[in-house]
Amino acid sequence: MSKKIIAGNWKQNGTLKSSVRLTKKILEALKKNKCRHEIIIIPPAIFLLPIKDLIYKSKIKLGAQNVSAFNNGAYTGEISGTMLKDSKVEYCLVGHSERRHIINEDEYILSSKVSQLIDNDITIIYCFGETLSEYKNKKTKLILKNQLKKLFLSNKNNLKKKPSKLVLAYEPVWAIGTGLVPSPEELASIFKFIRNTVNKMNKNYSSIKILYGGSVSEDNAPSLIDTEYIDGLLIGGASLIAKKFIDICSTI
Ligand code: 13P
């Protein structure tokens, strides 16, 4: 199996103590069993620096959950791409459904965030996916195509400058935190569609990796990762429990 990406999005969970404990357990496990895959942990912003100090000698990469749409200046409460770069953060999520739907981030904001990250050489993990009603109304492919078009064909972001700084993460909104996962047939068809759509937009994007996220568990991870065109997993709930996350990393 080729090298995959396994990313753990911790969302707004944990304490400093529990985050350090979780990180140490992952580090210990990785020392014992060789995991060939690229592991990224994505803690809450306030824990990024202490966790960076724990993992800096390991192969684990650090990701942020969010970035400001603006560069440094009078934007109270925000954290800029420059600051993330300065803190040795290598990845950052953009477009997660919780930020699109709960924080109401629109395409304009997402484009600005993409630009800030490209300017700071941080790899974007760009999340997209359909809602339950769109899925029920069989609009999945239409919605995904529109979301990808907005990302790739936008003149507002500067992605074209560095296409290699992008990873896509398909996360059906209805699969996040629900225990529901698309059927193997649905996933195979959707990932083929995403890959073809991306390739048609621009050949420079043909090597972009595409992750799956939404109710990934230690039980379903092996079959998910076997799906053609799935280059890795973006894991929420299961990434907060050391044993589950380690099992996923070591069994695929
Ligand atoms: P769950 O794995 O908890 O469904 O969350 C998925 C997710 O949103 C990862 O970004």
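Ligands are counted one by one from 1 in listed order, and the atoms in each one are counted from 1 as well. Along the sequence shown, residues are numbered consecutively beginning with 1.
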Please write down residue, atom name and distance for the protein heavy atom closest to [atom].
| atom | result |
| --- | --- |
| atom 5 (O) of ligand 1 | K11 NZ, 3.3 Å |
| atom 9 (C) of ligand 1 | E171 OE2, 2.9 Å |
| atom 2 (O) of ligand 1 | G236 N, 2.9 Å |

Notebook entry, point to check: Taking the six-membered ring for Trp, are F191 and Y170 parallel (under 30°), tilted (30 to 60°) or perpendicular (over 60°)?
Noted result: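 It falls in the perpendicular class, over 60°.
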May I ask whether [X] has any heavy atom positioned less than 4.0 angstrom from an atom of ligand 1?
| X | value |
| --- | --- |
| G177 | yes |
| S215 | yes |
| A7 | no |

Note to self: Among residues at least two apart in sequence or on other chains, which ones pass salt bridge (Lys or Arg N to Asp or Glu O under 4.0 Å) with K25?
What the structure shows: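 Residues passing salt bridge (Lys or Arg N to Asp or Glu O under 4.0 Å) with K25: none at all.
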Checklist line | Closest heavy-atom pair and its distance - N13, P44 | finding: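 Looking at all heavy atoms of both residues, the shortest contact is O-CG, 3.6 Å.
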Item checked: N157 to S111 - nearest heavy-atom pair and separation ->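 Result for this residue pair: CB-O, 3.5 Å.
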Per-atom contacts, ligand 1 versus [X] - under 4.0 Å to a heavy atom:
| X | result |
| --- | --- |
| G237 | 1 (P), 2 (O), 3 (O) |
| G214 | 4 (O), 6 (C) |
| L234 | 9 (C), 10 (O) |
| A175 | 4 (O) |

Next item on the list: Keeping the roles fixed (side chain from R100, backbone from C127), state whether a donor-acceptor pair exists under 3.5 Å.
Entry: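 Yes.
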Next item on the list: Establish, from distance only, whether the side-chain atoms of K141 and S189 form a donor-acceptor pair under 3.5 Å.
Entry: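 Per modelled atom types, K141 and S189 side chains form a pair under 3.5 Å.
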Next item on the list: Give a yes-or-no answer on whether the side chains of W10 and Q65 include a donor-acceptor pair shorter than 3.5 Å.
Entry: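 Per modelled atom types, W10 and Q65 side chains form no pair under 3.5 Å.
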Notebook entry, point to check: Is ligand 1 under 4.0 Å from a heavy atom in the side chain of C127, in the backbone, in both, or in neither?
Noted result: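 Under 4.0 Å from ligand 1, C127 contributes no heavy atoms.
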Notebook entry, point to check: Between N9 and ligand 1, which part of the residue brings a heavy atom under 4.0 Å of the ligand: side chain, backbone, both or neither?
Noted result: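 For N9, the contact with ligand 1 is made by the side chain alone.
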Next item on the list: Please list, chain by chain and in numerical order, all residues satisfying side chain to side chain contact (heavy atoms under 4.5 Å, CB included) with D231, sequence neighbours excluded.
Entry: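 Checked D231 against side chain to side chain contact (heavy atoms under 4.5 Å, CB included); matches are R195, K209, I210.
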Notebook entry, point to check: Under 4.0 Å between a Lys/Arg side-chain N and an Asp/Glu carboxylate O for E90 and K165?
Noted result: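 K165 and E90: not salt-bridged.
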Margin query: Under 3.5 Å between any N/O of H96 and any N/O of ligand 1: does that happen in this structure?
Written below: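 Right, the criterion is met.
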